Structures are given as C-alpha cells and as structure tokens.
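One structure is given here, and the rest of the page talks about it.
For reference, positions follow the sequence shown, starting with 1. When reading the values below, keep in mind they use all heavy atoms of this one structure, side chains included, and skip hydrogens, waters and symmetry mates. Everything numeric in this text was worked out from a predicted model, so none of it was measured.
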Amino acid sequence: MKSYMLEIKDLAYSTGNFTLPPVNLTVEEGSYTILLGASGSGKSVLLELIAGLREPKGGTIYLDGVLINALHPADRSVGLLFQDYALFPHLSVFQNIGYALRLRHIPKETIREEVEKLAQQFEIKNLLHRFPNTLSGGERQRVALARTLITQPRLLLLDEPLSALDAPLRSASRAFLKQINQSGQTVIHVTHDHQEQEELATHCVQLA
C-alpha cells in the first residue's frame, strides 16, 4: 500500500453560512500540488485547517503517518504563506525572517547564521536591514518565504502567493517556487492562474 506525506480523510468544517464539503486528499513527498476551485469553495480554509489555524468538525489529517488534528500549529512542521505575506511592519527583514526561531528561544548566533543562509539563497542579503514598507512586491514575497521556511517545515502551503505581483515578477517568482520544490520541498499552492498550474504542478486537485 502506498504511503503519502499528507493524508486527509473526510475532513469537514463549517462556520456561519459556510460549509466545506468533506475533503479527501493525498499528497506525495516532493510533489507540487496545485489546489483549484471557484471563489468561496474553501481552498484557503483547507490550508488553514492543515496548518492548524482552524479546527475541523470531523475527519482526520495525517502528516508522515501522525495524526495532527489536535497539534498546535507550531508543532505541525507545516509552513503557511498568506496571500498578503503578513510581514511585521515594525520589524526589519532580518527580524521578520528570524522571528519563529526567536520564539523558540534559539541562540542568537544560530538565528543569525540561519537568517543569513536563507537570505543568501533567496538573494535578499542586501535587504536584511530594511523594513517591509520599503520593499517591492517580489522582495516582500521572498522575505515572507524565507520567514516561512526557516523552521524547515515538511510541508509548505501557499495561498495565492503570486496574485499581488505584476506579470514580469510573477514569471520570475514561478521559476523561484519551482526551484524551491526541486530542492525537495513539498508544496500545496492555491491559485486561479492556469499558467501557474501548467508551469509548477506535479498534481492538481479540484475542490467542489
């Protein structure tokens, strides 16, 4: 029997007038899954359920064979990049990227090393002293990705990460996301853009 990194079985959720139809989903390690669906179909809600920001009404979520329904978000090894990137405006790029490690009381020298390593990889080392409101859309995206990946999550969730970028930046960012996936990072990516689907997806899932 084939094993999957992520297995979702009969996941159910509702709030107010919204009900997410039961979701069954499997994700292979190293894959790039594009999640499609009409506006209001619950794509972003599903990402938040996987990340632990919402509590399901029923069903199960297994990551690497471990039931994670009741785990705190910080204990799930799941990273979620929001559509608006959600950078802290009062913190520098360096402080934004290292934020999660600081919360975990990682030694300052280790944080500095990890931040600089990612900044070098993402070509944003020259931005570490800057603040989010001085960055371009593409720069903010890379900072947000670095902040999300610094904890080395097993699974990276992207909620329409390219929607705020203009066409040239979207093209460069698609190539960058593909590079991240090819380095071994498993990704689930919500989008309406068929070009993103064609260039990035190894698997596509349609929400009803």
Side-chain angles (χ1 to χ4, degrees), residues 1-88 97-106 144-161 163 177 180-181 183-192 197 200-208:
M1 185 176 179
K2 189 170 186 177
S3 61
Y4 294 94
M5 172 188 281
L6 179 72
E7 290 188 82
I8 295 176
K9 300 178 181 178
D10 300 320
L11 192 68
Y13 179 78
S14 61
T15 180
N17 295 324
F18 172 78
T19 298
L20 181 71
V23 174
N24 291 277
L25 174 67
T26 56
V27 173
E28 297 178 16
E29 183 164 6
S31 63
Y32 200 116
T33 300
I34 291 286
L35 196 58
L36 303 169
S39 294
S41 61
K43 302 182 298 299
S44 297
V45 169
L46 177 56
L47 295 190
E48 292 174 3
L49 286 164
I50 296 170
L53 302 182
R54 296 176 184 261
E55 184 177 349
K57 306 297 184 184
T60 55
I61 307 171
Y62 286 87
L63 184 65
D64 292 322
V66 176
L67 182 67
I68 63 171
N69 284 47
L71 288 184
H72 187 274
D75 298 325
R76 292 191 179 209
S77 195
V78 173
L80 172 57
L81 180 65
F82 293 98
Q83 185 174 355
D84 63 359
Y85 308 142
L87 294 173
F88 300 116
I97 296 173
Y99 183 78
L101 297 185
R102 188 162 61 85
L103 286 182
R104 298 180 183 194
H105 305 292
I106 303 298
L145 272 170
R147 186 182 67 177
T148 305
L149 291 172
I150 200 164
T151 57
Q152 300 180 344
R154 291 281 288 140
L155 181 62
L156 175 62
L157 308 176
L158 305 176
D159 191 1
E160 299 199 43
S163 61
L177 290 175
I180 290 173
N181 173 239
S183 72
Q185 179 68 58
T186 307
V187 181
I188 301 178
H189 175 147
V190 164
T191 185
H192 296 282
Q197 175 188 340
L200 295 170
T202 60
H203 298 76
C204 289
V205 175
Q206 180 82 37
L207 280 192

Problem set entry | Leu145 and Leu156: CA distance, side-chain angles, deciding distance, side-chain contact (heavy atoms from CB on, under 4.5 Å) verdict | CA-CA 9 Å; Leu145 272 170; Leu156 175 62; 4.2 Å; yes
Exercise. Can you find a heavy atom in the side chain of Pro73 that is under 4.5 Å from one in the side chain of Leu53?
Worked result: yes
Problem set entry | Least distance between heavy atoms, Ala144 atom then Tyr85 atom | CB-CB, 3.7 Å
Exercise. Is there side-chain contact between Leu155 and Ser77, with heavy atoms separated by less than 4.5 Å?
Worked result: no
For this session: Please round to the nearest 0.5 Å and tell me the distance separating atom CD1 of Ile150 and atom CG of Leu101.
Result: 4.0 Å
Exercise. Between His203 and Ser31, what is the shortest heavy-atom contact and its length?
Worked result: ND1-CB, 3.7 Å
Problem set entry | Which atom of Pro153 lies closest to which atom of Gly79, heavy atoms considered | CB-N, 3.5 Å
Problem set entry | Closest approach of Glu29 to Met5 (non-hydrogen atoms, all atoms of both residues) | CG-CE, 3.6 Å
Problem set entry | Side-chain heavy-atom pair Thr33, Val205 within 4.5 angstrom cut-off | yes
Seminar exercise, completed: When rounded to the nearest 0.5 Å, the distance separating OG1 of Thr15 from CG of Leu20 is 11.5 Å
For this session: Look only at the side chain of Asn181 and the backbone of Thr186, and say whether a donor-acceptor pair between them is shorter than 3.5 Å.
Result: no
Exercise. Is there a side-chain contact between Leu6 and Ile188 (heavy atoms, below 4.5 Å)?
Worked result: yes
Exercise. Any side-chain donor-acceptor pair under 3.5 Å between Gln83 and Ser163?
Worked result: yes
Problem set entry | Spacing of CG belonging to Leu63 relative to CD1 belonging to Ile68, to within rounding of 0.5 Å | 5.0 Å
Exercise. Can you name the nearest heavy-atom pair linking Leu35 to Lys43, along with the distance?
Worked result: O-CD, 3.7 Å
Exercise. Looking only at atom types and distance, does a side-chain atom of Arg54 sit under 3.5 Å from a main-chain N or O of Val45, one as donor and one as acceptor?
Worked result: no
For this session: List the atom of Leu81, the atom of Pro161, and the distance in Å for their closest heavy-atom pair.
Result: CD2-CB, 4.1 Å
Exercise. Can you tell me how far the CG atom of Leu36 sits from the NE2 atom of His192, to the nearest 0.5 Å?
Worked result: 9.0 Å
Exercise. Does some side-chain heavy atom of Leu80 sit less than 4.5 Å from a side-chain heavy atom of Glu48?
Worked result: yes
Exercise. Is any side-chain heavy atom of Tyr32 closer than 4.5 Å to a side-chain heavy atom of Leu177?
Worked result: yes
Exercise. Judged by atom type as modelled, is there a donor-acceptor pair below 3.5 Å linking the side chain of Asn69 to the main-chain atoms of Ile61?
Worked result: yes
Problem set entry | Close side-chain approach of Ser41 to Gln206, heavy-atom, < 4.5 Å | no
For this session: List the steps, then state whether side-chain contact (heavy atoms from CB on, under 4.5 Å) holds for Leu11 with Ile50.
Result: CA-CA 10 Å; Leu11 192 68; Ile50 296 170; 5.5 Å; no
Problem set entry | Heavy-atom check, side chain of Thr148 versus side chain of Leu158, under 4.5 Å | no
Exercise. Can you tell me how far CD of Glu160 sits from CG of Asp84, rounded to the nearest 0.5 angstrom?
Worked result: 11.5 Å
Exercise. When you measure from the side chain of Arg147 to the backbone N and O of Tyr99, does any donor-acceptor pair fall under 3.5 Å?
Worked result: no
Problem set entry | Thr151/Arg104 under side-chain contact (heavy atoms from CB on, under 4.5 Å): CA gap, chis, key distance, verdict | CA-CA 10 Å; Thr151 57; Arg104 298 180 183 194; 3.7 Å; yes
Seminar exercise, completed: CD1 (Ile8) and CG (Leu49) are apart, to the nearest 0.5 Å, by 8.0 Å
